[in-house]
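Have a look at the structure below, then the notes.
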Amino acid sequence: MKDTENLSGLKKILGDYDEKILYPVIGLLAIILTSILVDSKGTQKIFDSINQWLIFNFSSGFLIGVTAVLFFALWVGMSKYGDMRLGKDDDRPEFSFIAWVAMMFSAGFGLSTLTWCAAEPLYHLFQSSYTVDAGTAGTPAGIPKAMLLTVFDWGIHGWALFAVGGLAIAFPAYRLGKPMNLGIGLYGILKDKSQTGFWGKLTDVLGVISTLGGNGASLGFGILSIAYGIKHITGVELGSAGTFVAMLMIIAAFTLSAVSGVKRGIRILSLINIYLGLGMLIWLLLTGPTTYLLSLFTQTLGEYISSIVSMSFWSDAGNFADGQYQQRSWLNWWVIFYWLWWVSYIPFCSGFIARISKGRTIREYILGTTLVPVLMTMALFVIWGGNSAYLEVTKAAPMWDNVQQNLGSALYVLLEQFPMGGLLGVLVFFSVVVFGVTTSDSASYFISMQVSKGNPDPKISMRILWGCLLGGAAMLLLATGKLNALKAMAIVAGAPFFFVVIAYMISIVKMLRMAARDEL
């Protein structure tokens, strides 16, 4: 009787939560964090071994599988089912198009793209198999190829994974009024067992663990970038105590944003960041080598469209060493690793995109979650990364040297070469902070939804709980210098979603056919 009373009291505080998700997630999180703290090297070695085994043994499978998801997403959007709505026939979008795109981009890879936009093209320019084979590594002729590779990494394949995952969740949730959790994406296959059965619960638990690991690591690395930005702008070295205080402030900010809900905190912050980012892009375009950047964007867009199929299946089959085939590491540590990293974000990004997509037609949803983010990402990388590469090859600034020493320095070193660089440095620092907040508040909101039986508006106390747990895990591992182990864990937990998204595709087809026959 006492246990029942305690359980009832806890539910009064946190809302109606799912014990089969909450307790296993907290237990697994405690075990993983303890293992990392006690023996971080050994724990990370286990996670890294699993990652390397996946990367180096299933590279062709990942290439084929992810490309199949892309083709499937485009087929669904262009098919006869495209006019169906995510909801009832008379439902209309909850958010404006710009707010929808802003939240989708900010909650997804917004912080990561900003962190890498001035740096990644340089890695491909100097190190990729493509530029090395062509003899253009480190030269102006290598820049277009490096930009193409960058856009390929961050392009339509990854967003198609999110689109399919979100569609599988949103369609039954809004059309049938089902709970909005990851397991419901399997409704077309499992029906009501997707909510009560083993596979549905396992999908939910793995999704939450993957989200905690991935976003916890990103938050921790984001704090390091913020600390560098403060040092660059003010000359003040934060040190351990200052970094700890900065982390507390970010945790408080994203927890408050999650508490305020999607329509207020998350939406408003996302719109601020989109408009701020657009303003900086326009300034860098107009004050930089404008003609060159426009030419680079045009060429990159054309080459991306014309070569997307061949690049999707490129597996370095033409490389031999000592008379035997030998696949070089670039493919595995860039393309395949990126696919795994995107896959590990499927639970969080798909679930959150589903939450904000009610009322849109399937065609609008597919195009909006694939083509629009790709064009935004391409503009971001071409203008920031194109300027960075231009400065490097013209010897105007040692961009590559700075990137190798500190990834976070690329943005600030680049801005020093532009008019009002000091002000832009402050703005980009603010943007990094806001992206960190929007990504983490979306993650804590998503986790709260999963634990609260798919409730699209979980109780405030539940959002506070997961905001604190997410931030606390990042803070703990940041203080002990063990964030890489958390990142490796996220990929291991998220890897099964490569198979889940395949099941989602089958489930989507079954649900669409049922809906077309008015059975759904």
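Starting from 1, each residue takes its place in the sequence as its number.
- The shortest distance between side-chain heavy atoms of Lys459 and Leu14 does not fall below 4.5 Å.
- Although no hydrogens or angles enter the test, the distance criterion places no donor-acceptor pair under 3.5 Å between the side chain of Thr67 and the main chain of Ile64.
- Nearest heavy-atom pair, Gly87 versus Arg175, reported as atom, atom and distance to 0.1 Å: O-NH1, 3.6 Å.
- For the pair Tyr187 and Leu176, the minimum side-chain heavy-atom distance is below 4.5 Å.
- Under the 3.5 Å distance criterion, the side-chain polar atoms of Ser306 are matched with a main-chain donor or acceptor of Glu303.
- Side-chain atoms of Thr43 and Ser35 form a donor-acceptor pair, as typed in the model, at a separation below 3.5 Å.
- Proximity of a side-chain donor or acceptor of Thr370 to a complementary backbone N or O of Ile156 within less than 3.5 Å is not detected.
- The backbone N or O of Met84 sits nowhere less than 3.5 Å from a side-chain atom of Thr361 that would complete a donor-acceptor pair.
- When all heavy atoms of Ile508 and Val164 are compared, the closest pair comes out as CD1-O, 3.5 Å.
- Taking every heavy atom of both residues into account, Leu375 and Leu301 meet most closely at CD2-CD1, 4.4 Å.
- For the pairing with Trp339, the ring pair (Phe, Tyr, Trp, His ring centres under 6.0 Å) check across Phe152, Phe62, Trp334, Phe498 returns one residue only, Phe152.
- In terms of heavy-atom proximity, Lys88 sits nearest to Asp91 at N-OD2, 2.7 Å.
- Atom CH2 of Trp314 sits in a crowded spot, with more than 12 heavy atoms from other residues, nucleotides or ligands closer than 6.0 Å.
- Ring-plane geometry between Trp154 and Trp342 is classed as perpendicular, the angle between the planes exceeding 60 degrees on a 0 to 90 degree scale with a lower cut at 30.
- Ring centroids of Tyr338 and Trp341 are separated by 6.0 Å or more, keeping the two rings apart.
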Checklist line | Test log, rule side-chain contact (heavy atoms from CB on, under 4.5 Å), inputs Asp153 and Val335 | finding: CA-CA 6 Å; Asp153 286 342; Val335 179; 4.0 Å; yes
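- Side-chain contact check for Thr203 versus Gln450: every heavy-atom pair is 4.5 Å or farther apart.
- The existence of a salt bridge linking Asp204 and Lys453 is excluded, since no basic side-chain nitrogen approaches an acidic carboxylate oxygen closer than 4.0 Å.
- Within 6.0 Å of the CZ atom in Phe313, the count of heavy atoms belonging to other residues, nucleotides or ligands exceeds 12.
- With sequence neighbours excluded, no residue forms a ring-ring contact (aromatic ring centres under 6.0 Å, His included) with Tyr81.
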Query raised in the report: Would Ile366 and Met78 count as a side-chain contact (heavy atoms from CB on, under 4.5 Å) if you check the C-alpha gap in whole Å, the side-chain angles of each, and the deciding distance to 0.1 Å?
Result: CA-CA 9 Å; Ile366 292 294; Met78 296 298 105; over 6 Å; no
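- Counting heavy atoms from C-beta outward, Phe105 and Thr377 have side chains that approach closer than 4.5 Å.
- The minimum heavy-atom distance between Met104 and Gly368, with the atom names listed, is CE-O, 3.1 Å.
- Taken to the nearest 0.5 Å, the CG atom of Leu469 stands 8.5 Å off from the CD1 atom of Ile447.
- Counting non-hydrogen atoms of neighbouring residues, nucleotides and ligands closer than 6.0 angstrom, the NZ atom of Lys45 reaches no more than 12 such neighbours.
- The backbone N or O of Leu212 sits nowhere less than 3.5 Å from a side-chain atom of Trp466 that would complete a donor-acceptor pair.
- Within a 6.0 Å radius of NZ in Lys358, no more than 12 heavy atoms belonging to other residues, nucleotides or ligands are found.
- Salt bridge annotation for Asp457-Arg463: present, with a cationic side-chain nitrogen under 4.0 angstrom from a carboxylate oxygen.
- Residues Leu86 and Leu167 have side chains in contact (heavy-atom distance under 4.5 Å, counting atoms from C-beta outward).
- Nearest heavy-atom pair, Ala173 versus Met180, reported as atom, atom and distance to 0.1 Å: CB-CE, 3.7 Å.
- The main-chain N or O of Met103 is never found under 3.5 Å from a side-chain atom of Arg267 such that the two would form a donor-acceptor pair.
- Atom-to-atom distance recorded for Met511:CE and Met514:CE is 9.0 Å, nearest 0.5 angstrom.
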Please tabulate, one pair per line, all N/O donor-acceptor pairs under 3.5 Å involving side-chain atoms of residues 500-507, not counting sequence neighbours.
{"residue": "Tyr504", "atom": "OH", "partner": "Leu182", "partner atom": "O", "Å": "2.7"}
{"residue": "Ser507", "atom": "OG", "partner": "Gly185", "partner atom": "O", "Å": "2.8"}
{"residue": "Ser507", "atom": "OG", "partner": "Gly188", "partner atom": "N", "Å": "2.8"}

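- Looking only at atom types and distance, the side chain of Ser431 has a donor-acceptor partner in the side chain of Asn273 under 3.5 Å away.
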| Checking side-chain contact (heavy atoms from CB on, under 4.5 Å) for the pair Tyr345/Leu161: CA distance, chi angles, key distance, verdict? | CA-CA 9 Å; Tyr345 267 70; Leu161 292 170; over 6 Å; no
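- With Tyr445 contributing its side chain and Gly467 its backbone, the two residues share no donor-acceptor pair below 3.5 Å.
- When atom types are taken as modelled, the side chain of Ser96 and the backbone of Ala99 share a donor-acceptor pair closer than 3.5 angstrom.
- With hydrogens and angles disregarded, no donor-acceptor distance shorter than 3.5 Å links the side chain of Ser194 to the backbone of Leu186.
- Summarising the geometry, atom CD1 belonging to Ile460 is positioned 14.5 Å from atom CD1 belonging to Ile13; distances are rounded to the nearest 0.5 Å.
- Not one N or O on the side chain of Tyr365 forms a donor-acceptor pair closer than 3.5 Å with the backbone of Gly82.
- Taking the side chain as every heavy atom from C-beta outward, Gln195 and Asn181 approach each other to under 4.5 Å.
- Side-chain contact between Trp159 and Val372: absent, with no pair of heavy atoms (C-beta onward) separated by less than 4.5 Å.
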Exercise. Stepwise, does the side-chain contact (heavy atoms from CB on, under 4.5 Å) test hold for Trp100 with Ser357?
Worked result: CA-CA 7 Å; Trp100 179 56; Ser357 298; 3.0 Å; yes
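- The pair Glu364-Arg85 fails the salt-bridge criterion, with no side-chain N (NZ, NE, NH1 or NH2) lying under 4.0 Å from an Asp/Glu carboxylate O.
- Heavy atoms from other residues, nucleotides or ligands lying under 6.0 Å from NZ of Lys20 number 12 at most.
- No side-chain heavy atom of Asn455 sits less than 4.5 Å from a side-chain heavy atom of Met462.
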